Amino acid sequence: MAASRAAVVGSLFWKCGSCSTGTFLICTNVNTQLLSRQICATPAMRRKNLAAAGPQKFTEEFIKKQVEEFNIGKRHLANMMDEDPQTFTQEDIDVSIRPRRKHHPGDQVFPRQTAVQWGEDGRPFHYLFYTGKQSYYSLMHDMFSKILAVEKYQDRLRSKNLFSLDTKQISLAGSRWLLKEELEESLVENISDHDFARFIQLIERLVALPYGAAEEEFVLGYRRQLEVQSSKQEIQPLQYDQKGVAYSTADGRRKMSTASVTLKDSGSGKFTINGMDQLHYFPVLQDREQLLFPLHFARMLGRFDVDSSVTGGGRSAQAGALRLAISRALLSFLPEGQVEDMRQAGLLTPDPRVKERKKPGQEGARKKFTWKKR
Amino acid sequence: MALYRLSAVRWSRYNPYYMEPEPRREVYVSEKEKDEERELKRVRPIKAATSGTSSSLFSDSVISKFINVMMQDGRKVLAREIMTQTLETIKRKQVEKYHTATETKKLEIECNPYNVFHQALENCKPVIGLTSIQRGGKYYQVPIPLTDNRRRFMAMKWLITECRDNKHRRTHMYEKLAQELLAASANEGNVVKKKHDLHKMAEANRAYAHYRWW
């Protein structure tokens, strides 16, 4: 019954947490009176608190050793597969090693972590260590010194009367600022929303300076490219029927209508909907305008034979569904630049507006019952 | 920092990230102009074009807006019909005037009904507006600047209410509208008078302009 044994320990020895291996230090007689405390050590205390440890931390040497071992293993593997070790890529490794392989430590991407930030004497290396967010504040100081440098340059130009406002500005089109998470990753530090807002404010101030183009590459390092929207458009390849005439089919939807359209490159401007001519099917001019909108925009009015069918919805919804279907079918016939123009004209976006549902406790979607004060 | 355009409607089916479409064909012919905006449009999603707009030469965004403001109970067909009849009436009247006018006067007469409409609308737009602000228990009419959209809307609303209320009830809407538009394009008529009254009120209440805090 080796239960918890009360150990009398001096305060000087109670430093590191890993002294719970069952050895209990016995204090000297000298300081018994003043410094001794009754401490009961239970087995639960001796167990390691996994949650408090945080994410697994690796030392620099451990990472280096793992990478070296991985490289050695890679060279051995290349020799085994009779390939050149220098040009042996990760894909070749994946192909040569079977899918049920052991988790290779070389694959594990070690997250960037802060190295020890103070020397042997306990003095921190960085002058901003005691701010708590040294990389963030040093970045802000760097940016501000850049702003001051640009302003100084501008003042020098002004004194020589060479200052002009029509200088080339940094182009920010097609990109976005770093997100807060991305900045945290690059700084290896946690920053608050307020800090991030200040960062964006400062870098925008740098961009706004007339001669700020000098710091272009610094600024662009904090921008991320946005993908071009038109690349998301799926264009069906052209199909040819027995006579060699090109045709394409597409569908479109709007509110509760669905339409299906076949465009034939025949050279007449015939337009049939559900077997009827478009003039009979759509007596209203607005709907016929909608049908011809994509063809008129692409300057291909008399070129196609359109055969379509449409069901559901009302007059305007059917026209909208047909318009979307025609635009989609037309994409196969268009050159690249025109696809982007069609998209910017709003012809390729399916209209998301649908009838709003009725809510309980209300007359309709928005209309409320009569309000009675009492 | 504000990448998201504030949506004018309080709740829109579209994400505010979406940009407005440009249906006119001529804009896409010229390559170099407005490169920044074009670049921005390349990476942003675009809203669908509404059913009132098209790339046709006869579609005009201002006229479409006017038709929508004039529309009651969702009767777009009727509103559009009235608009086309109005334009036709304007054309007829102007052509008649043209043929009966002397040589010098002929140059001044504008026969294009679209130009007449745009000129009339411009003449009806107020420059400054009034708003009610409460201070110390009393409500004061304070002069405030107006956005372009608000000015356009006020001009259209005045034209339509003027035609609906203050005209002889046996005349058709298109006749009334045509009369009012022709008068407005010459800076006459009740709507232009109403605009001048608003300006005078704003001038009179100039003392309270500092009550505005935005």
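Each chain gets a letter, A, B and so on, in the order the sequences are listed, and its residues count up from 1. Model, not experiment: these values are computed from the prediction.
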Say you draw a straight line from [atom1] of [X] to [atom2] of [Y]; how long is it, rounded to the nearest 0.5 Å?
X         : Y         : atom1 : atom2 : value
Met342(A) : Tyr28(B)  : CE    : OH    : 11.0 Å
Glu20(B)  : Gln344(A) : CD    : CD    : 13.0 Å
Ser54(B)  : Leu291(A) : OG    : CG    : 11.0 Å
Ser56(B)  : Phe293(A) : OG    : CZ    : 9.5 Å
Arg80(B)  : Gln286(A) : CZ    : CD    : 5.5 Å
Leu40(B)  : Leu226(A) : CG    : CG    : 9.0 Å

Check this for me: [X], atom [atom1], are more than 12 non-hydrogen atoms of other residues, nucleotides or ligands nearer than 6.0 Å?
X         : atom1 : value
Lys157(B) : NZ    : no
Arg198(A) : CZ    : no
Arg224(A) : CZ    : yes
Arg288(A) : CZ    : yes
Phe369(A) : CZ    : yes
Arg13(B)  : CZ    : yes
Lys270(A) : NZ    : no
Tyr208(B) : OH    : no

Atom of [X], atom of [Y] and distance for their closest heavy-atom approach:
X         : Y         : answer
Ser51(B)  : Ser316(A) : OG-OG, 3.9 Å
Val43(B)  : Gly174(A) : CG1-CA, 3.9 Å
Glu356(A) : Trp11(B)  : OE1-CZ3, 3.9 Å

Checklist entry - Counting distance only, does the side-chain N/O of Arg25(B) pair as donor-acceptor with the main-chain N or O of His296(A) below 3.5 Å? => result yes

Item to check | Any residue of residues 320-340 of chain A which, by heavy atoms, sits under 4.5 Å from chain B | outcome: Arg323(A), Glu340(A)

Next on the checklist: Counting only non-hydrogen atoms closer than 4.5 Å, does Ser59(B) touch chain A with its backbone (N, CA, C, O), its side chain (CB onward), both, or neither?
Outcome noted: neither

Next on the checklist: I want to check something: taking the side chain as every heavy atom from C-beta on, are Val284(A) and Glu81(B) in contact at a cut-off of under 4.5 Å?
Outcome noted: no

Checklist entry - Looking at Gln225(A), Arg254(A), Arg299(A), Arg353(A), which one has more heavy-atom pairs under 4.5 Å with chain B than the rest? => result Arg299(A)

Item to check | Option that, when pairs with chain B are counted at under 4.5 Å, heavy atom only, ranks first among Asp341(A), Asp351(A), Asp287(A) | outcome: Asp341(A)

Checklist entry - Is Glu22(B) salt-bridged to Arg343(A), cutoff N-O under 4.0 Å? => result no

Item to check | Part of Gln290(A) within contact of chain B (heavy atom distance under 4.5 Å) | outcome: side chain

